[in-house]
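For reference, the structure is listed below as structure tokens.
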Amino acid sequence: MGGDTAEGVKYCDEHLRSLTRGGKTVCSSTVFLSCFLFPPLYSDHFHFRFFQPSIMAFFKKFFTHVIPQKDPDKSIIPVKDKPKPPYYGTVTPYPKFDATSDASTLQSAIKKLDKDVIFAILVKRSNEQRQKIKAVYEASTGQSLDKALQSALHSHLEDLALALISTPAHFDAYLFRKATKGLGTREHILVEILATRTNQEIRDLKRVYKEVYKTELEEVIKLETSGDFTAALLAMLKATKDESTEVNNDLAKRDAEILFEAGEKIKGSNVSAFIDILTMRSAPQLCKTFQQYATTSDITLPKALQLELKGDIEDCLIDIVKCSWNTSAFFAEKLHHAMKGLGTNENTLIRVLVSRSEVDLKKIVQEYKAMYGVSLQEAIRRDTKEQFESALLALCGPE
């Protein structure tokens, strides 16, 4: 990690110099990720000069230097007194949609092994439209579309096609199953799913997982994880997180005090306070809490914050903070790591691009360019090829 750390310091120095005006650092959501949560510095790798090797020191510097300048309400557009988030997906319903025609074309393309035509249909239809195509295809042919695609495609193209024709809940259930089966558990995928889905999406995930795999998701988590990490996952799995856009300043002050005291007075043991607050509050509310925490920590600056966390729970809480602050930057970072260095993690590319294509992929594309100085599309062109490349680029939308 030495090279990554040096790269992180250099990257931060350049951005801090360019973002300094009149002696004050101006931090955007992009600088949050690139400077204070630089991609290579996960879990126990927070060792360059901005950070101490404890999560509380991380929170202290993060809250003090970044949070006060965030306005959590700018992404909400009021319409008739009701907040209506803008659409940031890259995939929209096809305007001249005809499920019967698409199913017929898809059937012919599968027989001819015409990968270009298969993906020309799948990536240019919304998920709801794909489900209609799937229903018509299976009713007219008497065959499973999943099996037909598996016979025509292989490797990552097969994985991508199956992801595209899955409902969001079925895709999440599949990802959860895959992350908890075999040798080792991919903990970061579990956190990614639960920290970035809505309450309804988590409820749908639990229902579909039980239907498909005949097991309660709670039992899977208890079996495959342990300790505080299990508690954090189960808390998110309850799907009771506040989703309102209103911010309660008094609650933010109380939560900031609780977090501060949990870190200062009970060394390394009161993790539950962090779990309770970070998994239950809305993103706008947490942003206000972070602002209040900066004020609280400044008042008691002489006192050291010493809550030591290691391993999965540390990574989990840090990822929740990242998602609360800027979900799009969180996913941009995931994509960057999938294509950084030798080799490409195609599974991550498929997981992120498919799951966010009708949510916020447009913002992720923007964040990627701002954070890494190259477009996501260009990065994909460098690391992938042929039909897989063209399908991923279609999901990303135009540059």
Side-chain angles (χ1 to χ4, degrees), residues 89-94 96-179 181-182 186 189 193 201 204-205 208-209 211-214 335 338 344-359 361 380-381 383-397:
T90 54
V91 174
T92 57
Y94 190 67
K96 297 180 180 179
F97 177 65
D98 184 330
T100 302
S101 175
D102 283 349
S104 177
T105 302
L106 198 56
Q107 181 182 4
S108 176
I110 290 173
K111 288 181 179 179
K112 297 176 181 177
L113 303 181
D114 192 333
K115 302 179 182 66
D116 291 327
V117 173
I118 291 173
F119 284 99
I121 292 176
L122 295 182
V123 298
K124 294 180 181 178
R125 306 297 188 269
S126 67
N127 189 272
E128 182 179 354
Q129 290 174 334
R130 291 182 211 123
Q131 301 315 311
K132 293 178 180 178
I133 295 171
K134 184 176 182 178
V136 172
Y137 180 95
E138 295 182 346
S140 62
T141 65
Q143 299 176 344
S144 163
L145 180 55
D146 295 64
K147 291 181 179 179
L149 289 171
Q150 287 173 324
S151 68
L153 304 170
H154 302 286
S155 188
H156 305 303
L157 281 178
E158 176 186 336
D159 295 337
L160 177 57
L162 295 178
L164 287 167
I165 65 170
S166 298
T167 66
H170 279 85
F171 187 44
D172 281 347
Y174 164 77
L175 292 172
F176 225 98
R177 178 75 168 184
K178 188 177 180 181
K181 283 297 177 181
R186 273 69 74 193
I189 295 178
I193 293 172
E201 288 169 342
D204 291 341
L205 161 63
V208 170
Y209 195 94
E211 291 174 357
V212 175
Y213 302 109
K214 312 304 179 185
L335 293 170
T344 302
N345 189 330
E346 290 88 356
N347 290 331
T348 296
L349 297 181
I350 294 171
R351 185 180 74 247
V352 174
L353 296 184
V354 172
S355 67
R356 308 311 291 186
S357 61
E358 295 183 47
V359 183
L361 187 50
I380 289 173
R381 281 192 287 268
D383 272 57
T384 61
K385 58 184 179 179
E386 298 177 348
Q387 287 94 355
F388 188 61
E389 172 193 332
S390 60
L392 295 183
L393 291 175
L395 286 176
C396 291

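Pairing each heavy atom of L122 with each of R130, the nearest pair is O-NE, 2.7 Å. N127 and P168 make their closest contact through OD1-CD, 3.4 Å (heavy atoms, listed as atom of the first residue, atom of the second, distance). When every heavy atom of K181 is checked against every heavy atom of R186, the shortest pair comes out as O-NH2, 3.2 Å. The nearest pair of heavy atoms linking S126 to V91 is CA-CG1, 3.9 Å. Of all non-hydrogen atoms in A169 and V208, the two that sit nearest each other are CB-CG2, 3.7 Å. Counting all heavy atoms, side chain and backbone alike, T167 lies closest to H170 at OG1-ND1, 2.7 Å.
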Exercise for review: Show your working on side chain to side chain contact (heavy atoms under 4.5 Å, CB included) between I350 and F388 and close with a plain yes or no.
Suggested key: CA-CA 10 Å; I350 294 171; F388 188 61; 3.9 Å; yes
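Taking the charged nitrogens against the carboxylate oxygens, K134 and D146 do have a contact shorter than 4.0 Å, which makes a salt bridge.
Under a 3.5 Å cut-off, the side chain of S104 and the backbone N or O of S101 do not form any donor-acceptor pair. Side-chain atoms of Q129 come within 3.5 Å of backbone atoms of Y94 as a donor-acceptor pair (strictly under, hydrogens ignored). Put simply, the side chain of S140 gets close to the backbone of Y137: a donor and an acceptor are under 3.5 Å apart. Side-chain N or O atoms of Q143 include none that pairs as donor or acceptor with a backbone N or O of E138 at under 3.5 Å. In terms of modelled atom types and a separation under 3.5 Å, the side chain of S108 and the main chain of T105 share no donor-acceptor contact.
Looking at F176 and D172, their side chains never come closer than 4.5 Å, going by heavy atoms from C-beta outward. Counting only heavy atoms from C-beta outward, the side chains of L160 and F119 approach each other to under 4.5 Å. Under the 4.5 Å side-chain criterion, counting only non-hydrogen atoms from C-beta, K178 is in contact with N347. Side-chain contact between D102 and D98: absent, with no pair of heavy atoms (C-beta onward) separated by less than 4.5 Å. By the 4.5 Å heavy-atom criterion applied to side chains, L353 and T90 are not counted as neighbours.
Ring orientation note: the planes of Y213 and Y209 are tilted relative to one another, at an angle of 30° to 60°.
For the side chain to side chain contact (heavy atoms under 4.5 Å, CB included) test with L149, the passing option among I118, L157, L164 is I118; the others fail.
Put simply, CD on E346 and CG on D159 are 9.5 Å apart, with the number rounded to the nearest 0.5 Å. Rounded to the nearest 0.5 angstrom, L162 CG and K147 NZ are separated by 12.5 Å. To the nearest 0.5 Å, atom CG of residue L392 and atom NZ of residue K385 are 14.0 Å apart.
The environment of CD in E128 is sparse: at most 12 heavy-atom neighbours from other residues, nucleotides or ligands sit within 6.0 Å.
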